[in-house]
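Note sheet for the following structure.
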Amino acid sequence: MTGNERLKEEKVFKDPVHRYIHVRDQLVWDLIGTKEFQRLRRIRQLGTTFLTFHGAEHTRFNHSLGVYEIMRRMIDVFHGRKHWDEENRLLCLSAALLHDIGHGPFSHSFEKVFKTDHEEWTRAIILGETEVNRVLQRMGEDFPKEVADVIEKTHPNKLVVSMISSQIDADRMDYLQRDAFYTGVSYGHFDMERILRVMRPTEDQVVIKSTGMHAVEDYIMSRYQMYWQVYFHPVTRSAEVILNKILRRVKVLYDDGYDFKQQPYHFIPFFLNDVQIHDYLQLDESVIYYYFQMWENESDHILSDLCGRFLHRRLFQYVEFDQSFILHDWPKLQEKFRQIGIDPDYYLVIDFSSDLPYDFYRPGEEEERMPIHLLMGDKKLRELSRESDVVEAISGKKRTDHKLYYPADLLDQPEFEEEKREILTMLRV
């Protein structure tokens, strides 16, 4: 079979966020059935957040279907309008569906340790010898590259890129609502139906009719709240810190020739910096959990302890600190930890979080953010923060916080009591 056919009967997925996800194209149905896409069922959307919000068990698979569905609805709104070319429909739907295909298990922690990049893997999976590539090839030999270019934001059609990657796009609109639903918080809700109704295609980007400005304000504020109340939650970050240290410890032990009871077979290509697509796709969160359960029985005390902490949710406590702490107390604190036999490289961790909820256009910045434009009654475009006092108040303002994570339970134990009192004083606990 070549190209695409309409399915004889529409397929639907029941979805708690969008009610139904509609599939009418054989191409989309076959992409969903590939093993690379099905693997996303075994990777959580929010990494370690389930240890904070117990409902956050949803997966990259759920989210990818949701982004596809929003893109499908967006295309319905654009149908027949100036600047919209119906020939781009399957390109947009494929890019929406596959935009996260390169994510690995606990992706951001994993990427930090092994210097991988899910965007590079997304491209490799779409262009490599994979089931996904074979399905895309039916649309023509250049089609996989076009899909990869849209996801990578290098495609010449800026309108198509903005539909999946801008400050208001199908990706963000799905994850904010989906993450709010599964974490049970009220922050991430906004009127998506209204936003979709007032979206308009232009030559370079999606714009919003000015009558929909208040719905967009809600969207921006929900994003702001979700980042600080959910995505940067200190308990989630504590679990990420421990996960990060487990992976680093395994790498150090492997490099030192440590004799593992359970060899880290799946990780060896990453240690050797020689990862093929097959190696990458074999790793998912169920595989990582298996290793953590095995490594809890290792003779290396640090690896065993950290795995037990992650598996049984014995997380680190945290304190907030400022720059003067780093300058004056940080080296002394590390030394005190060494004196009482706790390795600060694994048990004393500084973590930063920062977010820019909305930004206006700053030419030449490393990541140029295309601002949201309102389509005014006179057909002229106005940048959102120039019309909205709410958005102007948070535009271009990066908020950062600093936390120090440490094992409070180890400081409660009865030896080295004087040194531990000093440590607690330095931590201002």
Side-chain angles (χ1 to χ4, degrees), residues 4 25 27-28 30-45 47 59-61 63-68 70-71 88-166 169-172 174-175 266-267 269-270 272-285 366-370:
N4 175 58
D25 298 283
L27 177 76
V28 172
D30 290 347
L31 285 172
I32 291 168
T34 61
K35 66 182 181 185
E36 294 89 15
F37 192 78
Q38 291 291 319
R39 164 183 163 272
L40 298 180
R41 291 181 186 271
R42 304 189 297 279
I43 295 177
R44 287 187 186 87
Q45 173 70 12
T59 64
R60 298 264 173 202
F61 182 91
H63 165 62
S64 297
L65 286 180
V67 178
Y68 154 82
I70 294 175
M71 181 67 82
N88 290 320
R89 186 179 71 86
L90 285 169
L91 174 62
C92 290
L93 294 178
S94 302
L97 190 70
L98 300 176
H99 78 287
D100 269 356
I101 196 105
H103 270 285
F106 302 111
S107 60
H108 299 298
S109 298
F110 196 85
E111 287 180 7
K112 275 184 202 166
V113 176
F114 296 117
K115 309 286 188 290
T116 61
D117 180 341
H118 68 269
E119 292 180 358
E120 287 176 14
W121 281 108
T122 293
R123 187 174 184 84
I125 291 164
I126 290 171
L127 300 181
E129 291 186 18
T130 59
E131 291 182 10
V132 161
N133 178 266
R134 286 198 290 279
V135 173
L136 293 172
Q137 287 274 359
R138 295 182 201 155
M139 300 301 299
E141 134 184 5
D142 294 336
F143 191 68
K145 183 177 184 305
E146 277 207 75
V147 172
D149 288 349
V150 169
I151 295 169
E152 217 173 5
K153 306 190 278 273
T154 57
H155 194 280
N157 189 321
K158 292 181 180 174
L159 168 63
V160 167
V161 170
S162 79
M163 291 166 74
I164 194 172
S165 188
S166 62
D169 58 32
D171 180 22
R172 284 172 172 79
D174 183 77
Y175 76 61
H266 287 77
F267 295 86
F270 295 89
L272 300 178
N273 205 19
D274 181 25
V275 187
Q276 307 303 313
I277 286 183
H278 168 75
D279 304 316
Y280 190 80
L281 292 173
Q282 274 203 314
L283 258 188
D284 58 43
E285 287 175 18
E366 187 179 331
E367 185 187 348
E368 289 185 2
R369 294 181 173 217
M370 179 62 77

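Numbers here simply count residues along the sequence, with the first being 1.
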Using 30° and 60° as the class boundaries, would you call the ring planes of W121 and Y280 parallel, tilted or perpendicular? parallel
Please report the interatomic distance NE2(H155) to CD(E146), rounded to the nearest 0.5 Å. 4.0 Å
What pair of heavy atoms forms the shortest contact from A170 to I70, and how long is it? O-CD1, 3.7 Å
What's the shortest heavy-atom distance between I164 and D171, and which atoms? O-CB, 3.8 Å
Reference residue Q137; test side-chain contact (heavy atoms from CB on, under 4.5 Å); the match among R134, M139, E141: E141
Rounded to the nearest 0.5 Å, the OG1 atom of T130 sits from the CG atom of L136 at a distance of 7.5 Å
Verify side-chain contact (heavy atoms from CB on, under 4.5 Å) between F114 and V275, making sure each step is shown before the conclusion. CA-CA 10 Å; F114 296 117; V275 187; over 6 Å; no
Under 3.5 Å donor-acceptor, T34 side chain and L31 backbone: yes
Closest non-hydrogen contact found for L40 with S64 is CD1-OG, 3.8 Å
Before you tell me yes or no, could you show the steps for Q276 and D274 under side-chain hydrogen bond (donor to acceptor under 3.5 Å, both in side chains), namely the whole-Å CA-CA distance, both residues' side-chain angles and the distance that decides it to 0.1 Å? CA-CA 7 Å; Q276 307 303 313; D274 181 25; 3.1 Å; yes
Give a yes or no on whether the backbone of H118 and the side-chain of E111 come within a donor-acceptor separation of less than 3.5 Å. yes
Any side-chain heavy-atom pair of V113 and F270 under 4.5 Å: no
Please confirm whether the backbone N or O of K35 pairs with a side-chain atom of E131, one donor and one acceptor, at under 3.5 Å? yes
What about H99 and H63, are their ring centers closer than 6.0 Å? yes
Could you walk me through whether I126 and L98 pass the side-chain contact (heavy atoms from CB on, under 4.5 Å) check? CA-CA 8 Å; I126 290 171; L98 300 176; 4.3 Å; yes
Out of curiosity, D100 CG to I151 CD1, how far, rounded to the nearest 0.5 Å? 8.5 Å
Flag, side chain of D25 to backbone of L27, donor-acceptor distance under 3.5 Å: no
If you apply the rule side-chain contact (heavy atoms from CB on, under 4.5 Å), what do you find for L283 with R39, and how did you get there? CA-CA 9 Å; L283 258 188; R39 164 183 163 272; over 6 Å; no
Rounded distance [0.5 Å steps], NZ in K145 versus CG in N133: 13.5 Å
Where do I125 and I101 come nearest, in terms of heavy atoms and distance? CD1-O, 3.5 Å
N88 side-chain N/O to L91 backbone N/O, donor-acceptor pair under 3.5 Å: no
Are the side chain of S165 and the backbone N or O of V161 linked by a donor-acceptor pair below 3.5 Å? no
For D169 and S162 the tightest heavy-atom approach is CB-O, 3.7 Å
Determine the minimum heavy-atom distance between L93 and Y68, stating which atoms define it. CD2-CE1, 3.7 Å
Over 60° means perpendicular and under 30° means parallel, so classify the ring planes of F267 and F110, tilted if in between. tilted
Between the OG atom in S166 and the NZ atom in K158, the distance rounded to the nearest 0.5 Å is 13.5 Å
Please check this pair: side chain of E152 against backbone of R123, looking for a donor-acceptor N/O pair closer than 3.5 Å. no
For a salt bridge (Lys or Arg N to Asp or Glu O under 4.0 Å) with E285, tell me which candidate from R60, R44, R41, R42 qualifies. R44
Separation of Q38 CD from D284 CG (nearest 0.5 Å): 12.5 Å
